Amino acid sequence: MSLNNLNPHTSLQSTILHISHAQCQKGGEPLFAPINLRLERGEMAVISGRNGSGKTTLLEAVAGLGSFCEGGMEFDHPDSPDSWLQHSHYVGHFLGNKASLTCLENLNFAATMNGSSSHENQLSAALDQVGLGGYEYHHAGDLSAGQKKRLALSRLLILNKTYWLLDEPFVNLDVAGCDWLFECISHHINNGGAALLTAHDNKRIHEKADHLIHLERP
Amino acid sequence: MMTLLDMGKYNFFVWGSMALFGVMLAVDFISIHRQRKQLSRQIKSRQRRQQS
Amino acid sequence: MNKIVKFYHEMGSPPSFYRITGYWLKPFFVLALALTVYGLIDGLFFAPPDYQQGDSYRIMFVHVPAAWMSLFIYAIIGVCGLIAFVWRMKVAEAVMMASAPIGALFTALTLLTGMLWGKPMWGTYWDWDARMTSELILLFLYIGVMGIYSAYDDDPRKAARLAALVAIIGLINLPIIRYSVEWWTSIHQGASISLMGGNSGIKDWSMLRPLLVMALATKFYYLYSMLHRARNYLLRTEQNKSWVMRQLTEQ
Amino acid sequence: MGMKFWVLLQRDVLVAWRKKSNIYQPLVFQLLIVTMFPLGLGAGAQTLQKIAPAVVWILALISTLITLENIFKDDYEDGSLGLYVLSGLPLPVAVLAKAGAHWLTTGLPVILFAPVIAVLLHLPGYAYGVLMLSLLMATPIFSLLGTVGSALIMNLKNGGMLLSVLIMPLLAPVLIFGAGAVLETTLGNNPNGHLALLAGCFVLALTLAPLAAAAAIKVNLE
């Protein structure tokens, strides 16, 4: 699987994501001790913690689908301050594929919703890259768990967003998939992208991470 | 005295309404206090659990 | 002027709201009890019988105040819902969720006493009269608010905000319901002697006095019951705050 | 922004079209229930005719009510809610798109199917026009209020019952005006009063429901 036609990122202004002593809560109880993070382009942060420590809740809060009960986050971007949604994409535990739509339709929907061009060949090229070559007209519901994960990850290749928010991306992927994903993330980082992901059993990603956040009890 | 209480043939309806009024407000009154007692017991035991 | 502002600020913060309203509970209850006893005795024994309905109209002294209360309390729930939703005030959430049960109770009381009054007056326990129908729909509004709150009982803050939203939607909808139901009955069966409409015709002060006394009595009881539940609500939702423990150990 | 609105609407119609069940479900439900009325009331044309306006209307309302629950529930469960909530498309506009898609896939078939139910209940011929017109104005209201209800119970496992309790008071006036219009025509009077008020309710729902649903989604996502 070649990575050459990964579309280059937009102009390389310096953008920084600040998360300052943030805490999330579930049922009125704070889930983890306050955390701080300063994520710039070209960096990767990995969040780890035992099950139920609030990794997904934290990632959803950063993506904009949830909220912080303490502290908060700012995204300072030179020309448009509150454009976090334009610069980030979230692939969550619930992958976001519509079961009764085909892979192409799912991808096309995600692309148009985020305003990036969606030519047929570009979409199928992305599907090839994630190893879903022949599955363009296959219903997303009939795919295996790993293939569904790949379909969700293929969105990242189409929407050129600088900040990738991935919730346990390596789960359900086979060895080849993990290698490809590791390769793809590193390529994204080297090209001036940034990634914030949760993973707890993958040694390789922990070594590559610039920031390692472990969620402690509150 | 009895004539005073007699509401003509509407005894059942008038006294029924009054009884209903009394009973429902009493139920509300009792449920408040039961809720209160149960709540303070619950909080105190939680406090003891946290200190121990 | 700053006395009022200070009072407003104090009522806004849960611990001082809890402490201040603690003193008002006893007086409200005593007042409510006294007024009820006086109103009922006055209404049942001293008010003259109605020339048309004889003594059955005395149910009005319980039915009409309850009906007024059911509407009055929903208006309060709607306003508190608006405050709680826009300014996220904990005390407004407490007052809203504390008023809902007592409001539903008064609505149910109105429906039941209305049926008991309907039997002697119309000959049937239930008649789809304009006021009774909108009272029944009001009961659904109350059940809606309480239902959405208890559905999300794992996260009290979110449950309160959703209940506030449902209360606001209900408040906007209330006049529409009353108007459409009024309009609907006026087409089908002409203006029957509606239960609540009857009292506006009362000229006799000795009939009106017990009614107003009872209306006041139910208001005081509402305040007592609501403040009590609001304090319980604050205890429950602020459990891990320090002031809760202090308050409990004092009493 | 308009493009995103159409894409979301298109996707929803496509999903509904692929999974034909929620297009047929209301129609089969109506047929199922309408056959019970003659069995219960006897097949006399007079009795059926008297209740026809109300029954046709109530069946249309209830059959749409049961499909309202999963307007947002499906999207919440498979995660695609995040795609359009985080896409920069204003939430009320997204809600409008969802309501429009739901209306196209369930409201329209209910309107087209209503005459069939009316024939089964001996509704007089001259009332069909007003029936279709009143349903044309009412079914969008069902969809719009449905988005509010569905957004409120989005992450509940068994919220269907609660949705009906929340929506019923809002639908009461719509039912009064809608069924009233059809009833008036069967009695030979002029239904314009009812239809005008129904149109009023429609405009109210069109403007307020998206705001309420958007607020409910924000609260539910927090």
Side-chain angles (χ1 to χ4, degrees), chain B, chain C residues 25 29 32-33 36 40-41 43-46 49 53-63 65-66 98 101-102 104-106 108-109 112-121 125 214 217-218 221-222 224-229 231-236 238-240 244-245 247-249 251:
Chain B
M1 180 53 189
M2 276 319 290
T3 54
L4 210 58
L5 292 184
D6 180 22
M7 295 289 168
K9 53 185 173 12
Y10 305 119
N11 264 334
F12 166 70
F13 304 111
V14 175
W15 293 115
S17 315
M18 298 310 148
L20 218 56
F21 184 82
V23 162
M24 287 176 89
L25 290 186
V27 161
D28 179 64
F29 184 81
I30 292 162
S31 85
I32 298 175
H33 286 280
R34 207 153 36 82
Q35 189 190 43
R36 163 82 193 201
K37 239 197 273 18
Q38 194 199 355
L39 201 58
S40 60
R41 224 183 305 117
Q42 193 190 357
I43 294 177
K44 281 188 182 129
S45 65
R46 217 168 70 88
Q47 210 63 23
R48 233 174 289 112
R49 256 207 324 274
Q50 261 160 2
Q51 264 131 23
S52 65
Chain C
L25 288 183
F29 181 69
L33 201 63
T36 314
L40 285 185
I41 290 172
L44 287 176
F45 307 121
F46 295 104
Q53 300 174 24
D55 288 318
S56 76
Y57 90 98
R58 295 183 195 280
I59 299 176
M60 167 184 83
F61 297 126
V62 168
H63 175 76
I102 183 83
L105 188 121
F106 273 122
L109 190 59
L112 292 174
T113 49
M115 290 162 82
L116 282 175
W117 194 4
K119 182 68 176 159
M121 203 164 73
Y125 277 110
M214 279 305 288
T218 48
Y221 182 76
Y222 158 68
Y224 168 76
S225 167
M226 184 272 289
L227 286 180
H228 224 308
R229 282 185 198 274
R231 296 173 83 231
N232 290 348
Y233 176 95
L234 286 175
L235 282 187
R236 187 162 47 80
E238 308 276 290
Q239 265 174 9
N240 34 40
V244 169
M245 214 41 228
Q247 290 291 352
L248 280 182
T249 43
Q251 275 134 7

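Labels below follow one simple rule: chain letters A, B, ... track the order of the sequence lines, proteins then strands, and each chain is numbered from 1. Just so you know, these numbers come straight off a predicted model, no measurement behind them.
In summary, of the residues considered (B/Gln35, B/His33, B/Gln38), a side-chain hydrogen bond (donor to acceptor under 3.5 Å, both in side chains) with C/Asn232 occurs for B/Gln35 alone.
The contact between B/Phe29 and chain C is made by backbone and side chain atoms together, counting heavy-atom distances below 4.5 Å. At a 4.5 Å heavy-atom cutoff, C/Phe46 makes no contact with chain B through either its backbone or its side chain. Of the atoms belonging to C/Ala66, not a single heavy atom falls under 4.5 Å from chain B. Heavy atoms of C/Met214 lying under 4.5 Å from chain B belong exclusively to its side chain.
Chain B forms more heavy-atom pairs under 4.5 Å with one residue of C/Tyr221, C/Phe29, C/Phe106, C/Phe61 than with any other, namely C/Tyr221. Chain B forms the most heavy-atom pairs under 4.5 Å with one residue out of C/Leu105, C/Thr218, C/Val244, and that residue is C/Leu105. Contact count versus chain B (heavy atoms, under 4.5 Å) is highest, among C/Gln239, C/His228, C/Met245, for C/Gln239.
Taking 4.5 Å as the limit, every side-chain heavy atom of B/Phe21 sits out of range of all side-chain heavy atoms of C/Thr113. For the pair B/Gln42/C/Arg236, no side-chain contact is recorded, criterion being any heavy-atom separation below 4.5 Å from C-beta on. Residues C/Ser225 and B/Ile32 meet the side-chain proximity criterion, which asks for heavy atoms closer than 4.5 Å. Taking the side chain as every heavy atom from C-beta outward, B/Asp28 and C/Arg229 approach each other to under 4.5 Å.
Annotation for B/Ser17 and C/Val62: closest pair O-CG1, 4.4 Å, computed over non-hydrogen atoms. Of all non-hydrogen atoms in C/Leu112 and B/Leu20, the two that sit nearest each other are CB-CD2, 3.3 Å.
Annotation: the span from C/Leu109 atom CG to B/Met24 atom CE amounts to 5.0 Å, rounded to 0.5 Å. In this structure, the separation between CZ on C/Arg58 and CH2 on B/Trp15 is 9.0 Å, given to the nearest 0.5 Å. To the nearest 0.5 angstrom, C/Leu44 atom CG is 4.5 Å from B/Met18 atom CE.
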